[in-house]
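This structure is a prediction, so every number in the text was calculated from the model and none was measured. Order of the sequence lines sets the chain letters (A, B, ...), proteins ahead of strands, with each chain counted from 1.
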Number of protein chains: 2
Amino acid sequence: MVVDGPAETGARARTRRAILDAAVSALSRDPASSLGDIAAAAGVGRTTVHRYFAERSDLLQALSNDALDKIAVANERARLGEGGPVEALERFCKEMFELGDLLMLIFNDPQLMACPEWEEYTEADRDFLRLVERGHAEGVMDRELSPEWVQQTLWALLYAAWSHVRENGASKFDALVLCLRTVRKSIAT
Amino acid sequence: MVVDGPAETGARARTRRAILDAAVSALSRDPASSLGDIAAAAGVGRTTVHRYFAERSDLLQALSNDALDKIAVANERARLGEGGPVEALERFCKEMFELGDLLMLIFNDPQLMACPEWEEYTEADRDFLRLVERGHAEGVMDRELSPEWVQQTLWALLYAAWSHVRENGASKFDALVLCLRTVRKSIAT
DNA sequence: CCCAAGTGGAACATTGGTGTTCCATCGTGT
DNA sequence: ACACGATGGAACACCAATGTTCCACTTGGG
C-alpha cells in the first residue's frame, strides 16, 4: 500500500500497470532484461518508462512492493486459519499458483527481493509457518518435515509447476493438478 | 570431455579450475556478476581471467561444458539401470545433490544453459525419464505423475534443499535427508 | 470540439562492464 | 641462482545500458 500522490488518473494508472506487468514478464524470462526490453514488452517508449520510474532501481522497488501486495492478497484469500490444515494448504497453493510469472521472478531473482521489507518474515510467511505447526499438532502433516522445509518445498513445487508449463508445454490446469497432488503427498502424515 | 590442446600444465589447470569454480559460486548467487567479481572470488586478477577465457561468452561456454561433464559423471555414478527404481532414484538424488552451487546456477540461469548441447535431452535426462517409466511399469511409482513432471519435481526439490541450507542455515546433511524423504513420498505409488 | 495530459523518438552525456596491451613482479623447477 | 611461465595491475578504447532533455504528436475527458 503505497500512496501515489495525486491519485493517478485513469490513463496513468493503466500505463503504470502495463509497465509493471511487462517488467514481471520480461524479468522472469531474463533477469538481465534492459529497460528497453521492458518498455517494448509493455508496448511503450523507453522515455515513458522513465517518466513513471525515474531510475531502474525505482522500478524494481515498485515491483517488489507490488509483489508484496499480491502475495498479501493471495494469502488473505487462502484463509489459512479456517478449516482443516491440509485443505488450507491446498487453497494456499492454488492462490499462489495464480501469481504466475511473478512466482518465477521471485524465485529466479532472490537478491531482487532482498529489500528490507522481505528481510523479516512477511505476514504470509508467518501465517504459513503457523499453519504447518497446526498441521503437526493435529497430526495431519508429517512431523519430520519442519515448517521451514515445508515452505521451501511448496515454493519449489509451485516453481516446478510453471516450469512444466513453460518447458514441457503442459496446460496451466494440468500443471496445477500435478502440483497439488505432489504437495499433498509430500506433506501428508 | 573437451580436449584442451597442450594438456595444461599443473598451475594452469589449477587456476582454470579455480576460475570455473568461483564463477559457479558467484553466478549462482548473482547471475549478473561481473568478470571482476568472479576474478575476485577466484582470488585472481581480472587480466588472468581473460588469459584463460578471452571473452565472457567463452567462460560461460566452458562453464556449460563443465556442468554437462559433472552431470554426466553424477549420472553414471547413480547407475540408474541397476536395482529397484526407487533405490535408483534415491542414488540419483544423492549424486545430483552433490553438485551444490552448480545446481542453483543451472536453475537460476536457464538461458545460460540454453546452448545447443542442452537443447536435445542430455544423456542423463533420457536415462532419468526411462527410470520413471520403469518405475511406472513395476508399479512402484505414481502413474499419475508423468516422467517429465517427476523430473521437474526432483530438480525443484534439490533446489529447495540447497535453499534450505542457504536461507534457513540448515546443515547439508539435514537438507539432503529432508529432500530424500520428500522425494520418496512424492513419487511413491 | 479543443486543449492539457500523456506519449514517442531523437539526441546527448554518463556510467560501468568489457576486451586489450604493456610491463613489473613473483615463484618454481632446474 | 636463474630463467621462464604465470600473474597482477595500470592504462586505454569501446560499447551497451542508463538517465536526461527537448520537441512534435495524439488522444481522451470536459
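Contact of B:Arg51 with D:dG8 (side chain to base): a donor-acceptor pair of N or O atoms is detected under 3.5 Å.
The distance from atom CG of B:Asp37 to atom P of C:dG16 is 13 Å, rounded to the nearest whole Å. Distance, B:Leu35 CG to C:dG16 P: 16 Å, rounded to whole Å. Between the CG atom of A:Asp30 and the C1' atom of D:dA17 there is a distance of 13 Å, rounded to whole Å. Atom pair B:Ile19:CD1 and D:dG8:P shows a separation of 9 Å (rounding to whole Å applied). Regarding B:Arg12, its CZ atom lies at a distance of 14 Å from the C1' atom of D:dC4, rounded to whole Å. Rounded to an integer number of Å, the gap from CD of A:Glu55 to P of C:dG16 is 12 Å. Rounded to an integer number of Å, the gap from CG of A:Leu59 to P of D:dG19 is 10 Å.
In this structure, A:Thr48 reaches the C:dG8 phosphate: one of its side-chain N or O atoms is under 4.0 Å from OP1 or OP2. In terms of phosphate contacts, B:Tyr52 brings a side-chain nitrogen or oxygen within less than 4.0 Å of OP1 or OP2 of D:dT7.
The aromatic rings of B:Tyr159 and A:Tyr159 sit parallel to each other, their planes meeting at less than 30°, with 60° as the upper class boundary.
Side-chain atoms of A:Lys185 come within 3.5 Å of backbone atoms of B:Ala188 as a donor-acceptor pair (strictly under, hydrogens ignored). At least one donor-acceptor pair under 3.5 Å links the side chain of A:Thr182 to the backbone N or O of A:Leu178. Checked by atom type and distance alone, the side chain of A:Trp162 never pairs as donor or acceptor with a backbone atom of A:Ala175 at under 3.5 Å.
Taking only side-chain atoms of B:Arg46, from C-beta outward, the nucleotide of D:dA17, C:dT18, C:dT7 with the closest atom is C:dT18. Taking every side-chain heavy atom of A:His50 into account, D:dT20 is the closest of D:dT7, D:dT20, C:dG19. The nucleotide whose nearest atom lies closest to any side-chain atom of B:Arg56 is, among C:dT18, C:dT7, D:dT7, C:dT18.
Taking 4.0 Å as the cut-off between side-chain N and carboxylate O, B:Arg130 and B:Glu133 do not count as a salt-bridged pair.
Residues B:Thr47 and A:Phe53 each lie close to DNA chain D; by heavy-atom proximity, the contact nearer the 5' end of the strand is made by B:Thr47.
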